[in-house]
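Reading through the structure tokens given below for one structure.
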Amino acid sequence: MSKKFYKLESKNLNAFYGSFHALKNINMAMEEKAVTAFIGPSGCGKSTFLRTLNRMNDYIDGFRVEGDILLDGRDIYGRDVRVDELRKEVGMVFQKPNPFPKTIFENVVYGLRIQGIKDKRVLAETAENSLRQTALWEEVKDKLDQSALALSGGQQQRLCIARALAISPSVILMDEPTSALDPISTAKIEELIYELKQAYTIIIVTHNMQQAGRVSDYTAFFYIGELVEYAKTKTLFTSPKHERTQNYITGRFG
Ligand SMILES: Nc1ncnc2c1ncn2[C@@H]1O[C@H](COP(=O)(O)OP(=O)(O)OP(=O)(O)O)[C@@H](O)[C@H]1O
Ligand SMILES: [Mg+2]
């Protein structure tokens, strides 16, 4: 019998900041071309876990992981792994839109420039495609040479998603991508996530239970470094197995 394929798998993953044990034996397999949401109270380890998936925590002094994270079956903490290659495959979008103080165009093609791509046509095509994918093209096509910092917060976040898409990742990590946005921009990003999952595996951290319900196929509930419950989103929200999950999703703490 063939084993089911998962895009990402966490196996006996433990993470530490110095002597602080931030993630405790996380075992979890994430499906390809689906949206998986991480929920849980502040400080439970959602961002830490998300960031282990593309080794973003490598920069933090005293941080270390034990166990494995498999991407397409391959351990991303393995010795032969090049972190720059890994980050091309696993892109990231942050809580606050963080465009560079450059033009809209240069923001989108930033990753390509870093790779040394100079072909004007390739750059222009990639910029247009990525901006179309994030439904931003019509809004910015006449001002590609203007500063990205002049865009609205919601537009900036879609630009940051376009920047992530431009280097053709297969996984996109999003850490509370709408928490700094108004409801209309939030709705646009949620629609976008829905579209993007046809082609990408998306992992999103959110504090917003309604958002998890709207955008995700699977939801994982974390509590003080532990994965308490992981199920199809509908199941987790309608019939959670654990009392802690129940209490959290009904707003009794958090
Ligand atoms: N750079 C760091 N150094 C030391 N401890 C850290 C660091 N970053 C996070 N922690 C600790 O690890 C734990 C998990 O933090 P993390 O940021 O992953 O939580 P979170 O679930 O994303 O919370 P929030 O919802 O507030 O963003 C917390 O106890 C936090 O204080
Ligand atoms: Mg966080």
Side-chain angles (χ1 to χ4, degrees), residues 8-28 30 35-69 76-77 83 86-87 90-98 153 156-157 160-161 164 171-181 185-186 189-190 193 201-216 218-231 233 236-237 240 242-254:
L8 279 163
E9 279 182 90
S10 156
K11 294 198 162 166
N12 302 322
L13 188 89
N14 286 277
F16 305 84
Y17 294 102
S19 60
F20 177 68
H21 197 172
L23 292 172
K24 297 171 187 160
N25 214 41
I26 310 293
N27 284 285
M28 179 175 176
M30 288 157 264
V35 179
T36 301
F38 295 171
I39 63 168
S42 184
C44 68
K46 304 178 296 295
S47 297
T48 301
F49 186 46
L50 190 77
R51 295 159 66 94
T52 62
L53 303 178
N54 73 345
R55 296 185 51 171
M56 210 54 124
N57 293 319
D58 283 15
Y59 301 119
I60 297 172
D61 258 2
F63 182 83
R64 101 193 134 80
V65 292
E66 286 171 4
D68 300 323
I69 297 283
I76 66 167
Y77 287 92
V83 178
L86 170 67
R87 302 242 171 86
V90 185
M92 187 144 186
V93 175
F94 299 87
Q95 181 168 6
K96 281 207 193 110
N98 60 343
Q156 288 186 8
Q157 193 61 308
C160 293
I161 297 173
V171 179
I172 307 169
L173 310 177
M174 300 182 169
D175 198 345
E176 303 189 48
T178 64
S179 66
L181 305 180
S185 303
T186 296
I189 303 269
E190 288 183 4
I193 291 170
T201 301
I202 298 174
I203 320 285
I204 179 173
V205 172
T206 180
H207 268 125
N208 181 326
M209 239 63 74
Q210 284 77 23
Q211 178 165 73
R214 284 191 298 263
V215 304
S216 72
Y218 298 89
T219 297
F221 170 63
F222 292 86
Y223 186 75
I224 333 182
E226 290 183 41
L227 174 59
V228 174
E229 190 159 353
Y230 175 42
T233 297
L236 190 128
F237 281 101
H242 297 267
E243 200 181 343
R244 266 201 214 295
T245 316
Q246 170 79 19
N247 288 344
Y248 184 72
I249 63 175
T250 54
R252 260 170 257 169
F253 71 94

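Since we're looking at a predicted model, the values are computed, not measured. As the structure lists them, so they are numbered: ligands from 1, and atoms in each ligand from 1.
Closest approach of I76 and N54 over heavy atoms only: CD1-N, 4.3 Å. Looking at every heavy atom in both residues, M209 comes nearest to I39 through SD-CD1, 4.1 Å. Contact record, P97 with L181: CG-CD2, 4.4 Å, taken as the closest heavy-atom pair. Residues K46 and P41 share a closest heavy-atom pair of NZ-O, 3.2 Å. Annotation for K24 and I224: closest pair NZ-O, 3.5 Å, computed over non-hydrogen atoms.
For the residue pair S185/Q157, the side-chain donor-acceptor check at 3.5 Å is not satisfied.
Between F49 and F222, the ring planes lie tilted relative to each other; the angle falls in the 30° to 60° range.
The distance from atom CE of M28 to atom CZ of F38, rounded to the nearest 0.5 Å, is 4.5 Å.
For the Mg ion (ligand 2), protein N, O or S atoms closer than 2.8 Å were enumerated as S47 OG, with waters left out.
Put simply, the side chain of N27 gets close to the backbone of N12: a donor and an acceptor are under 3.5 Å apart.
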Write 'none' if nothing qualifies; otherwise put on separate lines each N/O atom of ligand 1 with a protein N/O atom under 3.5 Å away and their distance to 0.1 Å.
unit_1: ligand 1; atom_1: 8 (N); unit_2: Y17; atom_2: OH; d: 3.4
unit_1: ligand 1; atom_1: 18 (O); unit_2: T48; atom_2: N; d: 2.9
unit_1: ligand 1; atom_1: 18 (O); unit_2: T48; atom_2: OG1; d: 2.5
unit_1: ligand 1; atom_1: 19 (O); unit_2: G45; atom_2: N; d: 3.3
unit_1: ligand 1; atom_1: 21 (O); unit_2: C44; atom_2: N; d: 3.2
unit_1: ligand 1; atom_1: 21 (O); unit_2: G45; atom_2: N; d: 3.0
unit_1: ligand 1; atom_1: 21 (O); unit_2: K46; atom_2: N; d: 2.9
unit_1: ligand 1; atom_1: 21 (O); unit_2: K46; atom_2: NZ; d: 2.8
unit_1: ligand 1; atom_1: 22 (O); unit_2: S47; atom_2: N; d: 2.9
unit_1: ligand 1; atom_1: 22 (O); unit_2: S47; atom_2: OG; d: 2.8
unit_1: ligand 1; atom_1: 23 (O); unit_2: G43; atom_2: N; d: 2.8
unit_1: ligand 1; atom_1: 25 (O); unit_2: K46; atom_2: NZ; d: 2.7
unit_1: ligand 1; atom_1: 25 (O); unit_2: H207; atom_2: NE2; d: 2.9
unit_1: ligand 1; atom_1: 26 (O); unit_2: S42; atom_2: OG; d: 2.5

